[in-house]
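Per chain, numbering begins at 1; letters A, B, ... match sequence-line order. The analysis underlying the following values was restricted to heavy atoms, covering all of them including side chains, and did not include hydrogens, waters or symmetry mates. Note that this is a predicted model, so its numbers are computed, not measured.
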Protein chains: 2
Amino acid sequence: MPLPCPTSAPSASAQFPVLTAPEAAALIQHGDTLGFSGFTPAGTPKAVSRALALRAQAEHAAGNPFQVGVVTGASTGPSVDGALAAANAISFRTPYQSDPNLRQRINSGETHFFDMHLSMLPQNVRYGFLGKFSWAIIEASDVTADGQIVLTSAVGAAPTFCRVADRIIIELNRHHPAALRGFHDIYEPVDPPHRSFIPVFSPSDRAGTPYIRVDPKKIAGVVFTDLPDETAGFEDPTPVTTQIGQNVANFLASELRRGAIPPSFLPLQSGVGNIANAVLGSLGAHPDIPKFSMYTEVIQDSVIELMRSGKIEFASGVSLTVSPTVLASIYKDLPAFRSRLLLRPQEISNHPEVVRRLGLISINTAIEADLFGNINSTHILGRNLVNGIGGSGDFTRNAFLSIFTCPSTAKGGKISTIVPLVSHMDHSEHSVQILVTEQGVADLRGKDPCERMHLIIEKCAHPDFRDELRRYAKLSEGGHTPQTLANAFAMHQQLLRTGSMRGVTWNE
Amino acid sequence: MPLPCPTSAPSASAQFPVLTAPEAAALIQHGDTLGFSGFTPAGTPKAVSRALALRAQAEHAAGNPFQVGVVTGASTGPSVDGALAAANAISFRTPYQSDPNLRQRINSGETHFFDMHLSMLPQNVRYGFLGKFSWAIIEASDVTADGQIVLTSAVGAAPTFCRVADRIIIELNRHHPAALRGFHDIYEPVDPPHRSFIPVFSPSDRAGTPYIRVDPKKIAGVVFTDLPDETAGFEDPTPVTTQIGQNVANFLASELRRGAIPPSFLPLQSGVGNIANAVLGSLGAHPDIPKFSMYTEVIQDSVIELMRSGKIEFASGVSLTVSPTVLASIYKDLPAFRSRLLLRPQEISNHPEVVRRLGLISINTAIEADLFGNINSTHILGRNLVNGIGGSGDFTRNAFLSIFTCPSTAKGGKISTIVPLVSHMDHSEHSVQILVTEQGVADLRGKDPCERMHLIIEKCAHPDFRDELRRYAKLSEGGHTPQTLANAFAMHQQLLRTGSMRGVTWNE
Ligand SMILES: CC(C)(COP(=O)(O)OP(=O)(O)OC[C@H]1O[C@@H](n2cnc3c(N)ncnc32)[C@H](O)[C@@H]1OP(=O)(O)O)[C@@H](O)C(=O)NCCC(=O)NCCS
Ligand SMILES: CC(C)(COP(=O)(O)OP(=O)(O)OC[C@H]1O[C@@H](n2cnc3c(N)ncnc32)[C@H](O)[C@@H]1OP(=O)(O)O)[C@@H](O)C(=O)NCCC(=O)NCCS
């Protein structure tokens, strides 16, 4: 029996203890591993984690150790990673993050972080590879007496955390309507050797239930909140990001024309960040790209805009990571979105089986790319983590067509994002078919490393860096992969020495 | 209606033109792209390619250009890559090779080669990403008048080459019994957006037919041969490879004991080469490892030995890459193997969907590994190709548990296979869970880069190189990934300068 609208606290309390956030935080012990619902700031609990950060500070002030393992779907917002990192309350963290406080602790070596393919997190949790989970902390729009939990603006790994954790704390957030019931499709595969196929054959297929089903006895209590998602907005497209978007759209249109993409088009996956948002905007505006569906991870603002215009017919994702005003506009219009929007666990949205079956066109953003098509998505100068690999590996490895985009320069032109060798490799040449910058498009399919090198320099590198890269190519002639270890990082070392990659000296 | 045993040439010729190898080779034009059956030397045609090499030499002698694109399942034998490379008759080659002649041409930059994940080759061929295929050249043990082709000791990508090629040449090799009918399971997925699930739920499941079905009109002719597979034998296990095998077996036994692997065990994938062969031998001999099945790519000698002893109950693979004497012994005993051995297309044996569903334990060999768990499977000193990535990426990325093995040193101890940073990366830290050398086992699950670094030095590196690597670790402290670009390749450069990685000078 569903609870009445979550504004009516008393009926929930009839079944589950109603807790304040500090009361809930008090249940958590030093050394516990916690699994949080949500994916990006969307759907992530906000009250218990803030109370937990205060508790950790108090314990630390009293000279007691207090740290927990924090496992989430992906990144979170200031109330989880921000507050807990500021309180130095995180012992280890996985699988992804994007918070400045936490990033600083990770890059100083204070906090253990392990970067994971997001599709693999839930199964690795179930397989026991990340140890025992004491608590699942789950933001819900509704919870019924018999243990049906309806999530909010994301699914992430919440179903798995609810399965494996000893106990569950619910944040019942009245900011999200209970009418969200039906927007989630909760399906968890059985583990090997008994796993079957994942019954998703098109972006709109439903495989599971609209709620997570738990034993109500596992629910330790409900904390009532009314807090918006802590999503930031997106930057407006710039001439560079618009040109990248144009290049992607023109390329896909020409592939369609020559019959290399089926005429009905294929479902799209689009990465995270400002560039991804701009690229999708350009795609939507291109007259030769037909209506399409998204089978993606994060649903950003531009997707919703294109759903309204009719260009995107259906969007399947793991989270609604949209600006607060866009989320409000969706909630005002729920019936219109009900048949066109579906949120899934990251294990399903990113699953290699489904990605390869549907034949996705994947578009992700690189920090840097090298002359052989290898991609760095995560580390500056090979050392410092930006965010993490996220779902990019799940999609690009299994896509019908895998596209990476980036501006040809960073930091006002001081850095070439096209380098002889990436300083950290997340995606090898084997997973990268098309590389796009505002300068142009390099189609790497069926090209050997030497051909790729010349193509990437001439099509993608910024003209200011082409001579430098041509010199590297010249110095590296011969060998299947023309690479010179003595010069591979010379541009990076020039940057470390002088603050710019220009004017590099090669070992000749 | 099946032909009688292929020793009776006349009945095949009743339906299809009987050609000599030179006659078949004469059909092939300069600039054609050819798809060959087989996977490794197993199942690879041998007569037409040799005749083609002679033809190319004659054309070259007459001053005419003559080169073809050569696409296969994986590597081949001397009669394809060897002969055609010696004749300089290959314009481009994909997806894998292991021939000394061809390797030399590739590494001198004379022959275009692109290294591919083997599971992706067939779909990329169907998607048209590798251009038009003029000829499929297929070794068969039988061919019927209505176009059923029964393959020999491998499947590879033969079904796809038969589908896309304009015409087909059959090498009907009486060295392989027509009674092989039933040992192959031919299944090709439909392409997106209409693809369904792959109906393989255990290693012994059959999804398709025992033969490739083609329009008989596509068969240009049949060349009769009687030629054994050109497989080499394996080297005997050495103390080092035996110790690596012991370490893998002990590790898996302890995972079983602590319940991290289901008590019924999981299907195994095992890589190619001498080390893989030795590891499987050790696994078979370990008393605490229960009987198991293989869902693998290449079936090597040790698998057959363990099938005879009963330790391996079922083996699914893409090729029977066994020594000639072992193949003869199987052929003598076909009824005993009929219910326990199945050969599949590489698209299915290596498919991410099936690999993740079955929950494989994958064991592959590295050329070098770095302190963060990244793996180089393909390139010496970042430049020179050894073989190619093969199926290793398909398996390790999707395995239940992904293990890499290598000896801690190479070339008589002059080279440490554990290096600060791999000189070429094929598998990132995200795909590598367990690293094993004869020195020990590093369990990298849930470890951050800094922890992995110390673990790999202490557990896997050779004692002679530990101090050197500890010094690198010390110099690199700080940052999420403690890596110093100025020193990352110092050990490789020392090798280039002095012929040994010992006594490296670090940039301090
Ligand atoms: C790669 C990624 C960080 C790009 O995000 P974005 O918002 O489009 O990128 P931005 O251009 O804003 O760049 C982010 C920052 O990195 C900096 N940067 C980018 N390339 C750089 C380079 N080669 N060297 C140094 N700094 C660089 C930018 O200058 C910017 O820094 P700032 O905020 O100080 O100005 C982001 O897409 C990401 O985290 N990807 C990994 C996960 C992923 O792909 N998920 C998708 C799966 S569905
Ligand atoms: C990596 C691989 C080459 C190892 O094969 P192997 O037979 O076990 O390896 P060997 O120890 O015989 O090594 C092969 C050669 O490389 C050399 N080598 C190995 N490591 C080296 C290193 N770090 N630096 C320089 N040379 C090295 C060896 O000395 C040997 O050379 P030699 O023949 O001149 O003596 C092989 O497994 C491979 O090609 N893997 C990629 C494809 C794959 O994994 N497929 C499995 C998918 S199912």
Side-chain angles (χ1 to χ4, degrees), chain A residues 106-109 112-117 127-131 191-193 195-197 201-202 260 262 264 266 352-353 356-359 374 379 381-385 389 393 397-398 400 423-426 428 430 445-448 450-451 477-483 485-486 488-489 492-493, chain B residues 106-109 112-117 127-131 191-193 195-197 201-202 260 262 264 266 352-353 356-359 374 379 381-385 389 393 397-398 400 423-426 428 430 445-448 450-451 477-483 485-486 488-489 492-493:
Chain A
I106 289 169
N107 284 325
S108 68
H112 295 297
F113 174 80
F114 26 102
D115 197 24
M116 284 181 72
H117 293 302
Y127 296 170
F129 294 170
L130 297 174
D191 288 332
R195 187 174 292 176
S196 189
F197 63 89
F201 302 96
S202 88
S264 57
L266 287 167
E353 171 173 339
R356 201 174 280 204
R357 179 185 298 150
L358 298 186
N374 302 296
H379 282 68
L381 289 162
R383 277 175 87 82
N384 287 332
L385 188 71
I389 194 167
R397 175 65 78 88
N398 294 294
F400 180 95
S423 61
H424 179 97
M425 189 185 301
D426 293 293
S428 80
H430 306 96
R445 288 172 293 180
K447 301 290 190 308
D448 75 10
C450 185
E451 295 169 303
E477 270 171 0
H480 172 56
T481 297
Q483 174 174 288
L485 295 180
F489 296 137
H492 296 91
Q493 287 175 259
Chain B
I106 290 169
N107 284 325
S108 68
H112 296 296
F113 174 80
F114 26 102
D115 197 24
M116 284 182 72
H117 294 301
Y127 297 170
F129 294 171
L130 297 174
D191 288 331
R195 186 174 291 177
S196 188
F197 63 89
F201 302 97
S202 89
S264 57
L266 287 168
E353 171 173 338
R356 200 174 281 203
R357 180 185 298 149
L358 299 187
N374 302 296
H379 282 69
L381 289 163
R383 276 176 89 80
N384 287 331
L385 188 71
I389 194 166
R397 174 66 78 86
N398 294 294
F400 181 95
S423 60
H424 179 96
M425 187 184 301
D426 293 292
S428 80
H430 305 97
R445 288 172 293 181
K447 302 290 189 308
D448 74 11
C450 185
E451 295 169 302
E477 270 171 1
H480 171 56
T481 297
Q483 174 174 289
L485 295 181
F489 295 137
H492 297 91
Q493 288 176 258

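- In this structure, chain A has a heavy atom under 4.5 Å from the side chain of P262(B), while its backbone stays farther away.
- Taking each heavy atom of F113(A) and D448(B) in turn, the nearest pair found is O-CB, 3.1 Å.
- Ring geometry for F489(B) versus F489(A): interplanar angle under 30°, hence parallel rather than tilted (30 to 60°).
- Proximity to chain A (any heavy atom under 4.5 Å) is shown, for M425(B), by both the backbone and the side chain.
- Contacts between L385(B) and chain A at a heavy-atom distance below 4.5 Å involve backbone atoms as well as side-chain atoms.
- Both the backbone and the side chain of L485(B) come within less than 4.5 Å of a heavy atom in chain A.
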For side chain to side chain donor-acceptor pair (under 3.5 Å), just list the numbers for H424(A) and T481(B), CA-CA rounded to whole Å, side-chain angles, deciding distance to a tenth of an Å, and then say yes or no.
CA-CA 9 Å; H424(A) 179 97; T481(B) 297; 4.6 Å; no

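- Residue S264(B) touches chain A through its side chain alone, counting heavy-atom pairs closer than 4.5 Å.
- Heavy-atom pairs under 4.5 Å with chain B were tallied for H492(A), R445(A), H112(A); the largest tally goes to H112(A).
- In this structure, the side-chain contact (heavy atoms from CB on, under 4.5 Å) partners of H430(B), at least two apart in sequence or on a different chain, are D115(A), H117(A), I389(A), D426(A), S428(B).
- For Q493(B), the part lying near chain A is the side chain, with the backbone staying farther off; criterion is any non-hydrogen pair under 4.5 Å.
- Of the atoms belonging to I106(A), heavy atoms from both backbone and side chain fall under 4.5 Å from chain B.
- Here the side chain of E477(A) pairs no donor or acceptor atom with the backbone of G109(B) at under 3.5 angstrom.
- The aromatic rings of H480(B) and H379(A) lie parallel to each other, with less than 30° between the two planes, well short of the 60° mark.
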